[in-house]
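I have placed the structure first, in the form of structure tokens, so that the comments after it can refer back to it.
Note that the coordinates shown come from a computational prediction; the quantities given were computed from them, not determined experimentally. Letters A, B, ... mirror the listed sequences (proteins, then strands); counts begin at 1.
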Number of protein chains: 2
Amino acid sequence: MSRKNKREHTSDQLPKLGIQPYLDLMERTALQNTDRKLAHLGLLMLWLGDNAIDTIDLNLETFGLTESKWDVLLLLTLHEDRELITPSSLADRLGIRRASVTAMLDWLEKRHWIIREQSTLDGRKIHVKITQEGRELVARALPVFWSACSSIMSEIEEEERMLLEKILMKLKSSMEKKLGVGR
Amino acid sequence: MSRKNKREHTSDQLPKLGIQPYLDLMERTALQNTDRKLAHLGLLMLWLGDNAIDTIDLNLETFGLTESKWDVLLLLTLHEDRELITPSSLADRLGIRRASVTAMLDWLEKRHWIIREQSTLDGRKIHVKITQEGRELVARALPVFWSACSSIMSEIEEEERMLLEKILMKLKSSMEKKLGVGR
DNA sequence: TAATTTTAGTTAGATAATCTAATTATATAA
DNA sequence: TTATATAATTAGATTATCTAACTAAAATTA
């Protein structure tokens with residue numbers, strides 16, 4: 001009784017409608033020339049994207065990181081010893097303002113995961129580098145990150161995999177073109 | 001000359017590496033038992049998810065809405081006249097705290113898109129409803145939302161579509177199970 | 001070469017979306 | 001009737017963004 005009664009008072013949970021009511025609403029409210037089937041897929045992609053990001057965030061949390069800080073550390077790691085990385089180039093790549101990068105770098109620098117060095121060639125520029133401590137953090141987080149990535153797709157079987165990879169690659173380039181971004 | 005020169009000064013753009021350097025890094029840093037192929041797909045899904053969200057945000061911006069406010073309005077629309085919607089049930093469904101819902105409802109109420117009514121049956125509860133003005137906003141935004149959803153998938157061809165739908169539905173339910181959420 | 005313009009980075013101040021902890025009112029249970 | 005639980009809010013914080021203004025340095029131009 002106690003358990004059951006309790007539940008009854010916990011009340012008012014919104015029932016999970018599933019996707020059908022969304023599709024019904026779409027039928028009534030989309031423009032004539034909107035492809036319903038594609039919009040259905042797009043809606044799924046949007047939802048999955050949210051879930052994928054939540055999964056990754058959950059795993060990065062262990063390291064005191066968020067997705068955007070992680071992106072910065074990953075960029076610094078991948079470009080290390082290749083090119084000079086400035087706050088401007090990070091802002092450009094991340095699609096955010098320089099002021100936002102400044103804030104993020106302040107946060108990372110306070111934790112000794114990155115350092116800023118004034119450029120000797122051009123006094124306006126700052127050279128951003130990952131520190132040894134930062135490298136160690138990344139080294140600890142990477143295995144978890146990859147395993148989180150793979151867990152997102154754990155249900156996929158071999159036959160589907162190849163095809164899905166092809167489709168996702170195609171979507172990646174078409175979306176990047178549309179948004180004018182890229183990695 | 002002028003244009004070219006200018007470009008040369010625009011300097012220090014980080015080159016777009018593409019996915020290969022990520023895969024190389026994965027090879028070196030993933031755990032032995034991490035399925036590389038699946039992690040590759042997961043990484044793509046993560047990136048696509050970001051892009052899909054950006055696309056939707058860009059379109060909702062026109063209406064002064066963000067994805068989370070839109071989610072609330074959509075929930076109110078779909079559940080209208082079906083069940084009593086309370087701040088608690090919204091928090092539960094959205095996976096956020098009641099305090100966060102309070103803030104969002106304040107914002108929406110200030111714009112006259114929702115109203116709050118005290119429940120007569122249980123004085124602790126608030127009944128949240130979409131207003132006529134809110135309904136009109138949603139009616140204007142919905143066609144744009146669906147067309148944005150379909151634009152995400154515009155490259156998909158009919159043969160791929162069926163299979164992709166099946167895969168995405170499967171991923172949706174597996175991820176929702178893992179995260180303990182659902183729509 | 002001196003004056004002007006552009007670029008890089010930061011600072012200041014704002015908003016949005018979240019959180020936790022504390023508070024208030026009401027309802028339920030012991 | 002008293003104690004406990006629930007619903008919502010408030011207060012105060014953090015993170016991630018933004019724009020506008022500012023400083024310093026470099027590049028352009030007159």
Side-chain angles (χ1 to χ4, degrees), chain A residues 1-13 50 53-54 57-58 60-61 64-72 84-92 94-111 114 116-128, chain B residues 1-13 50 53-54 57-58 60-61 64-72 84-92 94-111 114 116-128:
Chain A
M1 187 178 98
S2 66
R3 179 98 185 58
K4 187 138 190 255
N5 244 337
K6 223 165 185 183
R7 268 260 139 201
E8 256 148 64
H9 295 299
T10 316
S11 78
D12 304 329
Q13 298 229 307
D50 274 343
I53 291 167
D54 287 349
D57 282 350
L58 224 52
L60 290 177
E61 222 164 62
L65 289 171
T66 56
E67 215 201 335
S68 48
K69 312 277 175 58
W70 178 243
D71 280 345
V72 171
L84 185 103
I85 302 187
T86 61
S88 278
S89 65
L90 285 170
D92 182 59
L94 297 169
I96 59 178
R97 295 293 172 166
R98 289 199 305 272
S100 310
V101 171
T102 297
M104 221 165 0
L105 294 178
D106 286 347
W107 190 95
L108 290 166
E109 195 173 38
K110 200 158 59 183
R111 282 154 187 81
I114 62 129
R116 288 190 254 219
E117 281 170 7
Q118 188 105 29
S119 166
T120 45
L121 292 171
D122 183 337
R124 294 168 302 180
K125 291 184 182 165
I126 295 282
H127 191 168
V128 182
Chain B
M1 186 178 98
S2 65
R3 177 105 183 55
K4 186 138 190 252
N5 242 337
K6 221 162 185 185
R7 270 255 139 206
E8 256 148 62
H9 294 298
T10 316
S11 79
D12 305 329
Q13 298 230 307
D50 274 343
I53 291 167
D54 287 349
D57 281 350
L58 224 52
L60 290 177
E61 223 165 61
L65 288 171
T66 56
E67 214 201 336
S68 48
K69 312 276 176 59
W70 178 242
D71 280 346
V72 171
L84 185 102
I85 302 187
T86 61
S88 277
S89 65
L90 285 170
D92 183 61
L94 297 170
I96 59 178
R97 294 295 171 166
R98 288 200 305 267
S100 310
V101 172
T102 297
M104 224 167 354
L105 294 178
D106 287 346
W107 191 95
L108 290 166
E109 195 173 39
K110 201 158 59 185
R111 283 155 186 82
I114 63 130
R116 286 191 254 217
E117 282 169 7
Q118 188 104 29
S119 165
T120 45
L121 291 172
D122 184 337
R124 294 168 301 180
K125 290 184 184 166
I126 293 283
H127 191 169
V128 183

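- If you take CG of Leu94(A) and P of dT17(D), they are 8 Å apart, rounded to a whole angstrom.
- One can place CD1 of Ile96(B) at 6 Å from P of dC19(C), the figure rounded to the nearest angstrom.
- When the side chain to side chain donor-acceptor pair (under 3.5 Å) test is applied to Glu117(B), the partners found at least two apart in sequence or on another chain are Lys129(B).
- Between the CG atom of Leu65(A) and the P atom of dT15(D) there is a distance of 12 Å, rounded to whole Å.
- With rounding to the nearest 0.5 Å, the separation of NE2 in His127(A) from OG1 in Thr86(A) is 9.0 Å.
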Name every donor-acceptor pair, under 3.5 Å, that has one atom in a side chain of residues 100-109 of chain A and the other anywhere in the protein, sequence neighbours excluded.
unit_1    : atom_1 : unit_2    : atom_2 : d
Thr102(A) : OG1    : Arg98(A)  : O      : 3.3
Asp106(A) : OD1    : Arg116(A) : NH2    : 2.2
Glu109(A) : OE1    : Arg116(A) : NE     : 3.2
Glu109(A) : OE1    : Arg116(A) : NH2    : 3.3
Glu109(A) : OE2    : Arg116(A) : N      : 3.3

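- Asp50(A) meets the salt bridge (Lys or Arg N to Asp or Glu O under 4.0 Å) test with Arg183(B); sequence neighbours excluded.
- We find the CD1-CG distance between Ile126(A) and Leu84(A) to be 10.0 Å, quoted to the nearest 0.5 Å.
- Rotation axes derived from the C1' atoms of the five outermost pairs at either end of the helix from dT1(C)-dA30(D) to dA30(C)-dT1(D) lie 0° apart, to the nearest 10°.
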Identify all pairs in which a protein N or O lies below 3.5 Å from an N or O of nucleotides 19-24 of chain D, and state each distance.
unit_1  : atom_1 : unit_2   : atom_2 : d
dT19(D) : OP2    : Arg97(A) : NE     : 2.9

Grab the N/O contacts between the protein and nucleotides 14-16 of chain C below 3.5 Å, and write none if there aren't any.
unit_1  : atom_1 : unit_2    : atom_2 : d
dA16(C) : OP1    : Trp107(B) : NE1    : 3.3

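- Residues passing the side chain to side chain donor-acceptor pair (under 3.5 Å) test with Asp122(A) are Arg124(A), sequence neighbours excluded.
- If you measure from atom CD of Glu109(B) to atom C1' of dT9(D), you get 13 Å, rounded to the nearest angstrom.
- When rounded to the nearest whole Å, the span between CG of Asp57(B) and P of dA16(D) equals 16 Å.
- In this structure, Ser88(B) reaches the sugar-phosphate backbone alone: every heavy-atom distance under 4.0 Å involves primed, P, OP1 or OP2 atoms, never a base.
- Look at CG on Asp92(B): it is 15 Å from C1' on dA8(D), rounded to the nearest Å.
- Considering only side-chain atoms of Asp122(B), the nucleotide from dA27(C), dA8(D), dT10(D) that sits closest is dA27(C).
- Taking a 6.0 Å sphere around CZ of Arg97(B), one finds it holds 12 or fewer heavy atoms contributed by other residues, nucleotides or ligands.
- Spacing between atom CD of Glu67(B) and atom C1' of dA17(C) amounts to 12 Å, rounded to whole angstrom units.
- The shortest non-hydrogen separation linking Lys69(B) to Thr66(B) is CG-OG1, 3.0 Å.
- Summarising the geometry, the separation between CD on Gln13(A) and C1' on dA7(D) is reported as 14 Å, rounded to the nearest angstrom.
- For Leu60(A), the side-chain contact (heavy atoms from CB on, under 4.5 Å) partners two or more places apart in sequence, or in a different chain, are Ile56(A), Leu65(A), Trp70(A).
- Annotation: side chain to side chain donor-acceptor pair (under 3.5 Å) contacts of Asp92(B) (sequence neighbours excluded): Gln13(A).
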